[in-house]
Amino acid sequence: MTAFYGVELPTAFMLGTAQYPSPAILGAAFRESAASVATVSVRREAAGAQAGEGFWRLIRDLGVHVLPNTAGCHSPSEAITTAKMARELFETDWIKLEVIGHSDSLQPDPFGLVEAAASLCRDGFKVFPYTTEDLVLADRLLDAGCEVLMPWGAPIGTGLGLVNPYGLRSLRAQYPDVPMVIDAGLGLPSQAAQAMEMGFDAVLLNTAVAKAGDPAAMATAFAKAIEAGKLARNADPMDPRDMAAPSTPLIGKAFLQ
Amino acid sequence: MKISINGIAKDVTSTSLEAVLHEAGYGDARVATAVNGNFVPVGQRASCQIEAGDQLEIVAPRQGG
């Protein structure tokens with residue numbers, strides 16, 4: 001089992017907590033899928049609202065690991081301050097680091113991401129950087145002190161699946177010992193299975209579950225696909241080939257006119 | 001003095017961040033704070049002096065992906 005900053009997770013499923021129809025459905029999605037990590041965020045609180053306390057109780061009761069994010073941050077300083085506020089609120093030094101560089105694709109800003117990651121790692125954070133499949137960027141993030149990488153499957157919220165399998169395979173092959181999570185862009189369980197079959201260590205998603213007609217059922221479907229993909233990877237899949245090869249032996253076939 | 005709390009202009013008389021939080025109605029809410037873009041830990045709120053024109057951000061746990 002892969003360890004993330006020394007923590008061995010019971011399942012390879014990381015699930016977001018946003019966009020569910022209700023808190024009860026959010027809870028059901030986690031319970032029925034056995035997702036082992038919940039991603040969360042920090043947002044402005046109105047005086048007297050106490051909304052944060054209620055949400056925090058809900059998450060604590062799930063009994064999962066909490067991974068706060070810096071979603072929506074577009075500069076290193078903004079992400080660093082957000083990470084520090086999240087560490088205090090959620091009492092964890094894990095941080096899913098997002099530094100967005102492009103508004104339409106929500107593609108990470110590679111320069112800002114490395115700068116923020118280096119600062120946070122120096123400050124004791126355990127950084128989970130939301131990155132692309134770029135090999136050079138991966139190298140810089142590891143140099144900055146990151147011990148986990150989270151390459152995107154596709155832009156956040158698109159549900160397109162793994163849009164650059166070649167790039168992701170290259171990244172996986174280049175750093176075989178670095179724990180990696182496919183984060184964002186998945187829409188269907190089969191895509192999660194594909195990620196695990198490629199050798200990634202976990203999958204993180206939100207919209208595909210929260211926006212499904214039945215989020216709890218979809219979360220369960222993703223959980224089964226992730227487990228299936230992991231089993232398949234460990235079972236050492238066959239190599240594909242271009243020409244057909246009969247699976248039924250030809251020897252002993254009846255000679256018929 | 002006039003300050004900004006979560007982007008909204010507000011008049012306060014308190015001078016420490018801790019006192020401003022109480023004056024603004026946050027009481028003992030589970031929040032994290034930043035002043036002018038810099039994080040201020042819970043343990044430093046009492047000694048953090050607020051001045052006119054300061055921009056406070058007060059955040060709490062929320063759903064995220």
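Fair warning: this is a prediction, and the values are worked out from it, not measured in the lab. The chains referred to below are lettered A, B, ... by the order of the sequence lines, with proteins before strands, and numbering in each begins at 1.
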Ring of A:F125, cation from A:R87 - is the NZ or CZ under 6.0 Å from the centre and inside 45° of the axis? yes

Is it the backbone or the side chain of A:Q19 that comes under 4.5 Å from a heavy atom of chain B, or both, or neither? neither

Could you have a look at A:G52, A:A38, A:G16, A:G72 and say which one has the most heavy-atom pairs with chain B under 4.5 angstrom? A:G52

Interatomic distance, NZ@A:K224 vs CZ@A:F13, rounded to 0.5 Å, equals 12.5 Å

Is the shortest heavy-atom distance from the side chain of A:Y20 to the side chain of A:V209 under 4.5 Å? yes

Heavy-atom distance under 4.5 Å to chain A: side chain of B:A24, backbone, both or neither? backbone

Side chain / backbone / both / neither for A:A51 at chain B, heavy atoms under 4.5 Å: both

Do B:N36 side-chain atoms and B:Q55 backbone N/O form a donor-acceptor pair below 3.5 Å? yes

Indicate the ring-plane relationship of A:F128 and A:Y5, choosing parallel, tilted or perpendicular according to the 30° and 60° boundaries. tilted

At a heavy-atom distance under 4.5 Å, which candidate from A:R44, A:K84, A:Q50, A:E45 has the highest pair count against chain B? A:R44

Using side-chain heavy atoms (C-beta onward) and a distance below 4.5 Å, is A:N206 in contact with A:T17? no

Report the option among A:K96, A:E53, A:E88, A:E98 that has the most heavy-atom pairs separated by less than 4.5 Å from atoms of chain B. A:E88

Top of A:L58, A:V40, A:V42, A:L89 for chain B proximity - count of heavy-atom pairs under 4.5 angstrom: A:L89

